[in-house]
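To keep things clear, I will list the structure first and then write my remarks on it.
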Amino acid sequence: MGNTFLNLALLIIFHFSMPTFSMKLTTILTDQSALLALKDHVIHDPENVLTTNWSASSHVCDWFGVSCGSKHRRVTALDLTGLGLVGTLPPHLGNLSFLSPFYVTNNSFYGGLPVQLSNLRRLKYLSFGNNSFSGEIPSWLGSLTELRRLVLYQNNFKGVIPFSLAYLSKLEVLYLFENQISGSIPSTIFNISSLKKIDLSYNMLSGSIRSVPRDLLLLEGIDFTSNNLTGHIPKDMFDHLPNLKGLYWSLNLLSGRIPASLFKCKELQKLSVSYNQMEGRLPIEIGNLCMLQYIYIGQNHFEGNIC
């Protein structure tokens, strides 16, 4: 009876340990399969990098652009920047569960972003700039809560900026410039205290600019150039931006005066609000911005002189 119970116990332990053993055995193979799927979805590889280097005959951690962790030997980084690749991103990439940086900047990838990328919960740097991606900016990006940099510039994204991006509490850089994004700028974006740079320029954004509701001590650059933004700049807009260095709001439809709160930004170096519909006398406090290197305010309805 004792031996029967012991054998049964060992059988149960072995049964439940098998999936764990199998999972450890196949994880790197899962990563390899995901990358080979990406290779299959590339229809043009002008430098033959993937064609000649990404082969099942060599270890995936030795492939070009691939880095692996020293402990678990899982794929932790993928950098295919500037290879001229043409193709789409397969859903299999969502299986790269240890991936942290993911760079495909300066290629010709097209199509939408597969929802399976939302499984990459360790992702810190996503850089897909200068490609031909299309569709809407997916709301599931807000679930990638480890993201520090979200770079989607120079693509064909349309639709609105999803409110879910406000959930990216560690985000430092948000580059969405040169797309076809419309709608208003979510005020919740300025709830991200870690934000350093935000560039939404050369889109089709409309509506007014909202106040910044809290201190953003790290925010250095705001670029909303060439959109369809309207209305007055809120009087308290700059009360919580003490370290702002660059403000670029030219080529919009902004009206009203330059708010006095701007002159609390003692670190401001570059100010560009030209080609708007702003008016009024230029505040004398502008002379207190001792760090200012250049100022573009032409093609408005300002009065007075800068002394």
Side-chain angles (χ1 to χ4, degrees), residues 19 22-45 49-51 53-56 59-61 63-69 72-162 164-165 167-168 176 179 181:
S22 177
M23 181 179 64
K24 289 181 179 179
L25 182 65
T26 60
T27 48
I28 192 61
L29 297 179
T30 303
D31 291 350
Q32 176 182 286
S33 177
L35 293 178
L36 288 176
L38 174 59
K39 177 182 177 180
D40 289 342
H41 280 71
V42 170
I43 61 175
H44 184 49
D45 178 9
V49 173
L50 306 190
T51 305
N53 187 262
W54 284 23
S55 170
H59 198 281
V60 63
C61 296
W63 293 358
F64 179 89
V66 177
S67 299
C68 293
H72 298 293
R73 298 303 287 170
R74 294 292 306 274
V75 173
T76 57
L78 181 60
D79 187 353
L80 302 177
T81 300
L83 298 179
L85 301 174
V86 181
T88 58
L89 299 184
H92 310 72
L93 293 176
N95 293 327
L96 298 174
S97 53
F98 278 75
L99 199 62
S100 179
F102 187 6
Y103 304 119
V104 297
T105 310
N106 300 333
N107 285 288
S108 295
F109 284 101
Y110 58 91
L113 303 183
V115 66
Q116 289 80 4
L117 296 184
S118 62
N119 296 327
L120 304 180
R121 298 306 175 91
R122 289 180 171 87
L123 206 61
K124 292 182 179 179
Y125 308 99
L126 189 153
S127 186
F128 289 178
N130 193 20
N131 279 279
S132 298
F133 290 114
S134 58
E136 296 188 354
I137 295 176
S139 60
W140 52 255
L141 284 169
S143 67
L144 302 177
T145 53
E146 294 298 315
L147 271 184
R148 270 66 164 178
R149 296 176 65 94
L150 177 57
V151 178
L152 301 176
Y153 66 81
Q154 291 178 343
N155 278 285
N156 298 315
F157 289 112
K158 59 182 181 180
V160 302
I161 299 173
S164 60
L165 296 190
Y167 300 140
L168 302 177
L176 304 180
N179 280 284
I181 305 170

When the side chains of residues 107-114 are checked against the rest of the protein, which donor-acceptor pairs come out under 3.5 Å, sequence neighbours left out?
residue: Asn107; atom: OD1; partner: Leu83; partner atom: N; Å: 3.1
residue: Asn107; atom: OD1; partner: Gly84; partner atom: N; Å: 2.9
residue: Asn107; atom: OD1; partner: Leu85; partner atom: N; Å: 2.8
residue: Asn107; atom: ND2; partner: Leu80; partner atom: O; Å: 2.8
residue: Asn107; atom: ND2; partner: Val104; partner atom: O; Å: 2.9
residue: Asn107; atom: ND2; partner: Thr105; partner atom: O; Å: 3.2

Return the set of residues passing ring pair (Phe, Tyr, Trp, His ring centres under 6.0 Å) with [X] (not counting sequence neighbours), or none when no residue passes.
X      : result
Tyr125 : none
His59  : none
Tyr167 : none

Which heavy atom of [X] sits nearest to which heavy atom of [Y], and what is that distance?
X      : Y      : answer
Cys68  : Thr76  : C-OG1, 3.6 Å
Gly159 : Glu136 : CA-CG, 4.3 Å
Leu120 : Leu144 : O-CD2, 3.3 Å
Leu38  : Thr88  : CD1-O, 4.0 Å
Pro162 : Pro138 : CG-O, 4.0 Å

- Task: Please test Leu78 against Val66 for side chain to side chain contact (heavy atoms under 4.5 Å, CB included), starting from the C-alpha separation and ending with a verdict.
- Result: CA-CA 5 Å; Leu78 181 60; Val66 177; 4.0 Å; yes
- Task: Could you please spell out the steps behind the side chain to side chain contact (heavy atoms under 4.5 Å, CB included) verdict for Val75 and Phe98?
- Result: CA-CA 6 Å; Val75 173; Phe98 278 75; over 6 Å; no
How long is the span from the [atom1] atom in [X] to the [atom2] atom in [Y], to the nearest 0.5 Å?
X      : Y      : atom1 : atom2 : value
Ile161 : Ser139 : CD1   : OG    : 13.5 Å
Ile28  : Cys61  : CD1   : SG    : 4.0 Å
Ile181 : Leu152 : CD1   : CG    : 8.0 Å
Asp31  : Leu99  : CG    : CG    : 8.5 Å
His41  : Leu89  : NE2   : CG    : 9.0 Å

- Under the side chain to side chain contact (heavy atoms under 4.5 Å, CB included) rule, what do Leu117 and Leu123 come out as? Steps first, then yes or no, please. CA-CA 9 Å; Leu117 296 184; Leu123 206 61; over 6 Å; no
Using side-chain hydrogen bond (donor to acceptor under 3.5 Å, both in side chains) as the criterion, list what pairs up with [X], not counting sequence neighbours.
X      : result
Asn95  : none
Thr81  : Asp79
Asn131 : none
Thr51  : Asp45

- Task: Apply side chain to side chain contact (heavy atoms under 4.5 Å, CB included) to Phe102 and Leu96, showing your working.
- Result: CA-CA 10 Å; Phe102 187 6; Leu96 298 174; over 6 Å; no
- Residue pairs fulfilling ring pair (Phe, Tyr, Trp, His ring centres under 6.0 Å) with at least one residue in residues 129-152, sequence neighbours excluded: Phe128-Phe133
- Message: Assess, by modelled atom type and distance only, whether the side chains of Ser97 and Arg74 contain a donor and an acceptor separated by less than 3.5 Å.
- Response: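 Yes, side-chain donor-acceptor contact under 3.5 Å.
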- Contacts of type side chain to side chain contact (heavy atoms under 4.5 Å, CB included), residue Leu36, not counting sequence neighbours: Gln32, Lys39, Trp63
- With sequence neighbours excluded, give me every salt bridge (Lys or Arg N to Asp or Glu O under 4.0 Å) pair touching residues 106-135.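 For residues 106-135: none.
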- Message: According to salt bridge (charged side-chain N to carboxylate O under 4.0 Å, His left out), who are the partners of Glu146, at least two apart in sequence or on a separate chain?
- Response: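 Partners of Glu146 under the salt bridge (charged side-chain N to carboxylate O under 4.0 Å, His left out) test: Arg148, Lys170.
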